[in-house]
Amino acid sequence: MLIDTHCHLNSQELRLKSRILISRALEAGVKRMVIVGCDYEDSCEAVAMCEDFSQFGLYASIGIHPHEAKRYDKIPEEFHRLIKNERVIAVGEIGLDYHYDHSPRDVQIKMFELQLEFARENNMPVILHIRDAIDDAMKILRDYKDLKLLFHCYSGGLEYLDEILEYGNICAFGGAVTWTGKTFDELREVVRRIPIDNLVCETDSPYMSPVPYRGKINEPSYVKYVYEAVSREKDISMEELEKKIEENAEKFFGW
(Lines give C-alpha, C1' and ligand atoms only; values in the text may rest on other atoms or scores of the structure.)
Protein backbone atom coordinates (compact mmCIF):
# COMPACT_ATOMS: atom_id res chain seq x y z
CA MET A 1 0.00 0.00 0.00
CA LEU A 2 1.28 3.45 -0.98
CA ILE A 3 0.46 6.56 1.08
CA ASP A 4 0.59 10.19 -0.03
CA THR A 5 0.95 12.08 3.24
CA HIS A 6 0.61 15.52 1.66
CA CYS A 7 -1.45 16.56 -1.35
CA HIS A 8 -3.66 19.46 -2.38
CA LEU A 9 -6.59 17.90 -4.20
CA ASN A 10 -8.45 20.96 -2.90
CA SER A 11 -6.24 23.28 -4.97
CA GLN A 12 -7.47 25.29 -7.94
CA GLU A 13 -5.39 23.11 -10.25
CA LEU A 14 -6.83 19.78 -9.06
CA ARG A 15 -10.24 20.19 -7.44
CA LEU A 16 -12.32 19.97 -10.64
CA LYS A 17 -10.76 16.65 -11.59
CA SER A 18 -10.33 15.27 -8.07
CA ARG A 19 -12.50 12.20 -8.69
CA ILE A 20 -10.40 11.19 -11.69
CA LEU A 21 -7.16 11.78 -9.77
CA ILE A 22 -8.38 9.73 -6.81
CA SER A 23 -9.27 6.90 -9.18
CA ARG A 24 -5.81 7.05 -10.80
CA ALA A 25 -4.17 7.06 -7.38
CA LEU A 26 -6.12 3.96 -6.32
CA GLU A 27 -5.10 2.19 -9.52
CA ALA A 28 -1.46 3.03 -8.73
CA GLY A 29 -1.80 1.46 -5.28
CA VAL A 30 -2.25 4.66 -3.25
CA LYS A 31 -4.72 3.72 -0.52
CA ARG A 32 -4.35 6.69 1.84
CA MET A 33 -4.08 10.40 1.00
CA VAL A 34 -3.90 13.41 3.30
CA ILE A 35 -5.48 16.55 1.83
CA VAL A 36 -3.80 19.54 3.40
CA GLY A 37 -5.38 22.89 4.26
CA CYS A 38 -3.53 26.21 3.86
CA ASP A 39 -6.18 28.73 4.94
CA TYR A 40 -9.74 28.75 6.26
CA GLU A 41 -11.51 28.15 2.94
CA ASP A 42 -8.94 25.61 1.82
CA SER A 43 -9.21 23.68 5.08
CA CYS A 44 -13.01 23.59 4.94
CA GLU A 45 -12.83 22.24 1.40
CA ALA A 46 -10.28 19.60 2.43
CA VAL A 47 -12.63 18.32 5.12
CA ALA A 48 -15.67 18.37 2.82
CA MET A 49 -13.75 16.48 0.13
CA CYS A 50 -12.63 13.85 2.64
CA GLU A 51 -16.21 13.37 3.82
CA ASP A 52 -17.40 12.97 0.23
CA PHE A 53 -14.66 10.48 -0.66
CA SER A 54 -14.03 8.86 2.73
CA GLN A 55 -14.38 5.36 1.25
CA PHE A 56 -11.22 6.00 -0.77
CA GLY A 57 -8.94 6.58 2.21
CA LEU A 58 -8.90 10.37 2.24
CA TYR A 59 -8.05 12.33 5.39
CA ALA A 60 -7.66 16.05 6.03
CA SER A 61 -5.47 18.46 7.94
CA ILE A 62 -6.49 22.04 8.74
CA GLY A 63 -4.24 25.03 9.15
CA ILE A 64 -3.07 28.49 8.13
CA HIS A 65 0.01 28.42 5.88
CA PRO A 66 2.67 31.07 6.65
CA HIS A 67 1.91 32.71 3.29
CA GLU A 68 -1.64 33.36 4.52
CA ALA A 69 -0.78 34.37 8.09
CA LYS A 70 -1.28 38.10 7.38
CA ARG A 71 -4.99 37.43 6.79
CA TYR A 72 -5.58 36.21 10.35
CA ASP A 73 -5.04 37.48 13.87
CA LYS A 74 -6.45 34.38 15.58
CA ILE A 75 -7.42 30.77 14.91
CA PRO A 76 -10.58 30.74 12.72
CA GLU A 77 -13.55 29.93 14.94
CA GLU A 78 -14.69 27.17 12.61
CA PHE A 79 -11.42 25.30 13.24
CA HIS A 80 -12.63 24.50 16.75
CA ARG A 81 -15.50 22.54 15.21
CA LEU A 82 -13.58 21.05 12.28
CA ILE A 83 -10.82 19.66 14.50
CA LYS A 84 -13.40 17.28 16.00
CA ASN A 85 -14.34 15.83 12.61
CA GLU A 86 -13.28 12.18 12.34
CA ARG A 87 -11.63 12.81 8.96
CA VAL A 88 -9.33 15.51 10.41
CA ILE A 89 -6.10 13.92 11.58
CA ALA A 90 -3.61 16.82 11.88
CA VAL A 91 -3.05 20.55 12.15
CA GLY A 92 -1.20 21.87 9.12
CA GLU A 93 0.40 22.92 7.08
CA ILE A 94 1.74 25.55 9.43
CA GLY A 95 5.15 27.07 10.01
CA LEU A 96 7.50 29.72 8.66
CA ASP A 97 8.50 30.66 5.12
CA TYR A 98 11.25 33.23 4.80
CA HIS A 99 11.91 32.37 1.16
CA TYR A 100 8.94 34.35 -0.14
CA ASP A 101 7.97 36.38 2.94
CA HIS A 102 4.39 36.73 1.69
CA SER A 103 3.49 37.54 5.31
CA PRO A 104 5.68 39.61 7.68
CA ARG A 105 7.92 37.38 9.74
CA ASP A 106 6.57 38.50 13.10
CA VAL A 107 3.04 37.75 11.87
CA GLN A 108 4.14 34.31 10.66
CA ILE A 109 5.68 33.56 14.05
CA LYS A 110 2.57 34.65 15.94
CA MET A 111 0.24 32.48 13.84
CA PHE A 112 2.69 29.57 14.01
CA GLU A 113 2.72 29.68 17.81
CA LEU A 114 -1.07 30.06 18.02
CA GLN A 115 -1.54 26.96 15.89
CA LEU A 116 1.01 24.94 17.83
CA GLU A 117 -0.98 25.75 20.96
CA PHE A 118 -4.17 24.79 19.11
CA ALA A 119 -2.63 21.43 18.19
CA ARG A 120 -1.49 20.88 21.77
CA GLU A 121 -4.95 21.69 23.17
CA ASN A 122 -6.52 19.18 20.80
CA ASN A 123 -3.81 16.53 21.09
CA MET A 124 -3.19 16.60 17.34
CA PRO A 125 -0.05 15.92 15.30
CA VAL A 126 1.33 18.79 13.22
CA ILE A 127 2.35 19.06 9.57
CA LEU A 128 5.09 21.67 9.26
CA HIS A 129 6.06 23.94 6.37
CA ILE A 130 9.53 25.33 7.05
CA ARG A 131 11.43 27.06 4.23
CA ASP A 132 14.60 29.08 4.72
CA ALA A 133 13.57 29.53 8.35
CA ILE A 134 14.88 26.45 10.11
CA ASP A 135 16.79 28.41 12.79
CA ASP A 136 13.76 30.38 13.98
CA ALA A 137 11.47 27.37 13.61
CA MET A 138 13.65 25.16 15.79
CA LYS A 139 13.85 27.84 18.49
CA ILE A 140 10.06 27.80 18.65
CA LEU A 141 9.63 24.04 18.35
CA ARG A 142 11.91 23.36 21.33
CA ASP A 143 8.98 24.51 23.47
CA TYR A 144 6.70 21.94 21.83
CA LYS A 145 8.63 18.72 22.25
CA ASP A 146 5.43 17.03 23.39
CA LEU A 147 3.86 17.38 19.93
CA LYS A 148 4.21 14.89 17.11
CA LEU A 149 5.78 16.78 14.21
CA LEU A 150 6.02 15.95 10.52
CA PHE A 151 8.53 18.06 8.60
CA HIS A 152 6.82 18.33 5.20
CA CYS A 153 9.22 18.60 2.26
CA TYR A 154 12.15 18.39 4.66
CA SER A 155 14.93 20.81 3.71
CA GLY A 156 16.86 21.22 6.97
CA GLY A 157 19.82 19.17 5.79
CA LEU A 158 21.93 17.08 8.13
CA GLU A 159 22.60 19.93 10.59
CA TYR A 160 19.25 19.67 12.40
CA LEU A 161 18.40 16.08 11.59
CA ASP A 162 19.59 14.55 14.87
CA GLU A 163 17.64 17.06 16.97
CA ILE A 164 14.52 16.57 14.88
CA LEU A 165 14.73 12.81 15.25
CA GLU A 166 15.57 12.88 18.95
CA TYR A 167 11.92 13.31 19.91
CA GLY A 168 10.56 10.80 17.41
CA ASN A 169 9.55 13.30 14.73
CA ILE A 170 9.35 12.31 11.09
CA CYS A 171 10.41 13.85 7.78
CA ALA A 172 8.49 13.67 4.52
CA PHE A 173 10.20 13.47 1.14
CA GLY A 174 8.64 14.27 -2.21
CA GLY A 175 9.50 14.72 -5.85
CA ALA A 176 12.72 16.61 -5.11
CA VAL A 177 14.46 13.32 -4.28
CA THR A 178 14.24 12.49 -7.99
CA TRP A 179 15.69 15.79 -9.23
CA THR A 180 19.30 16.37 -10.27
CA GLY A 181 21.74 18.92 -8.85
CA LYS A 182 23.95 19.45 -5.82
CA THR A 183 21.10 20.55 -3.56
CA PHE A 184 19.19 17.37 -4.36
CA ASP A 185 22.29 15.21 -3.96
CA GLU A 186 22.44 16.55 -0.40
CA LEU A 187 18.75 15.76 0.06
CA ARG A 188 19.37 12.18 -1.03
CA GLU A 189 22.18 11.99 1.51
CA VAL A 190 19.62 12.91 4.17
CA VAL A 191 17.37 10.13 2.88
CA ARG A 192 20.24 7.65 3.19
CA ARG A 193 21.05 8.78 6.73
CA ILE A 194 17.57 9.06 8.21
CA PRO A 195 16.30 5.96 10.03
CA ILE A 196 13.56 4.18 8.14
CA ASP A 197 11.30 4.59 11.18
CA ASN A 198 11.31 8.36 10.71
CA LEU A 199 10.30 8.93 7.11
CA VAL A 200 7.23 9.05 4.91
CA CYS A 201 6.60 9.96 1.27
CA GLU A 202 4.43 12.66 -0.25
CA THR A 203 3.67 14.46 -3.51
CA ASP A 204 2.67 18.00 -2.46
CA SER A 205 0.60 17.82 -5.64
CA PRO A 206 -0.03 19.83 -7.76
CA TYR A 207 3.50 21.04 -7.02
CA MET A 208 6.97 19.45 -7.10
CA SER A 209 6.34 16.71 -9.64
CA PRO A 210 8.90 13.90 -9.62
CA VAL A 211 10.89 12.78 -12.63
CA PRO A 212 9.61 11.81 -15.23
CA TYR A 213 6.87 14.43 -14.76
CA ARG A 214 8.95 17.35 -13.50
CA GLY A 215 7.58 20.62 -14.83
CA LYS A 216 4.06 19.21 -15.15
CA ILE A 217 1.16 19.20 -12.71
CA ASN A 218 1.73 16.68 -9.93
CA GLU A 219 -0.90 14.22 -8.63
CA PRO A 220 -1.12 11.63 -5.84
CA SER A 221 -0.54 8.65 -8.15
CA TYR A 222 2.99 9.96 -8.76
CA VAL A 223 3.99 9.21 -5.18
CA LYS A 224 5.14 5.82 -6.47
CA TYR A 225 8.13 7.55 -8.10
CA VAL A 226 9.09 9.01 -4.73
CA TYR A 227 8.85 5.56 -3.15
CA GLU A 228 11.06 4.13 -5.89
CA ALA A 229 13.70 6.84 -5.37
CA VAL A 230 13.70 6.38 -1.59
CA SER A 231 13.85 2.61 -2.04
CA ARG A 232 17.02 2.99 -4.14
CA GLU A 233 18.68 5.39 -1.71
CA LYS A 234 17.86 3.20 1.30
CA ASP A 235 18.82 0.04 -0.62
CA ILE A 236 15.68 -1.77 0.48
CA SER A 237 12.87 -3.38 -1.46
CA MET A 238 9.71 -1.50 -2.37
CA GLU A 239 7.73 -4.05 -0.39
CA GLU A 240 9.75 -3.36 2.76
CA LEU A 241 9.53 0.40 2.27
CA GLU A 242 5.78 0.33 1.72
CA LYS A 243 5.25 -1.71 4.86
CA LYS A 244 7.46 0.57 6.95
CA ILE A 245 5.88 3.81 5.73
CA GLU A 246 2.45 2.33 6.37
CA GLU A 247 3.52 1.68 9.97
CA ASN A 248 5.07 5.14 10.33
CA ALA A 249 1.98 6.92 9.00
CA GLU A 250 -0.34 4.86 11.19
CA LYS A 251 1.72 5.68 14.27
CA PHE A 252 1.88 9.38 13.44
CA PHE A 253 -1.67 10.07 12.23
CA GLY A 254 -3.52 7.38 14.16
CA TRP A 255 -6.07 6.71 11.45
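All heavy atoms count here, side chains included; hydrogens, waters and symmetry mates do not. Note that the numbering runs from 1 along the sequence shown for the chain. Predicted, not measured: the structure shown is a model, and the values here were computed from it.
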- Item | Tyr59 vs Phe253 side-chain heavy atoms within contact, under 4.5 Å | no
Please tell me if the side chains of Ile83 and Val91 come closer than 4.5 Å, counting only heavy atoms from C-beta onward.
yes
Here the side chain to side chain donor-acceptor pair (under 3.5 Å) pairs for residues 94-104, sequence neighbours left out, are Asp97-His129, Tyr98-Asp136, His99-Arg131, His99-Asp132, Asp101-Arg105
Contacts satisfying side chain to side chain donor-acceptor pair (under 3.5 Å) that involve residues 182-195 (not counting sequence neighbours) are Asp185-Arg188, Glu189-Arg192, Glu189-Arg193, Arg192-Glu233
Which value, rounded to the nearest 0.5 Å, describes the distance between [X] atom [atom1] and [Y] atom [atom2]?
| X | Y | atom1 | atom2 | value |
| --- | --- | --- | --- | --- |
| Asn169 | Tyr160 | CG | OH | 14.5 Å |
| Ile196 | Lys243 | CD1 | NZ | 11.0 Å |
| Leu141 | Glu113 | CG | CD | 9.5 Å |
| Asp4 | Thr203 | CG | OG1 | 3.5 Å |

Would Ile22 and Met33 count as a side chain to side chain contact (heavy atoms under 4.5 Å, CB included) if you check the C-alpha gap in whole Å, the side-chain angles of each, and the deciding distance to 0.1 Å? CA-CA 9 Å; Ile22 291 168; Met33 291 164 265; 4.3 Å; yes
Decide yes or no on salt bridge (charged side-chain N to carboxylate O under 4.0 Å, His left out) for Lys31 and Glu246, but give the supporting numbers first.
CA-CA 10 Å; Lys31 304 300 185 184; Glu246 186 176 346; over 6 Å; no
Closest heavy-atom pair, Lys70 versus His67, reported as atoms and distance to 0.1 Å, is CE-O, 4.2 Å
Contacts satisfying ring pair (Phe, Tyr, Trp, His ring centres under 6.0 Å) that involve residues 191-244 (not counting sequence neighbours) are His8-Tyr207, Tyr213-Tyr222, Tyr213-Tyr225
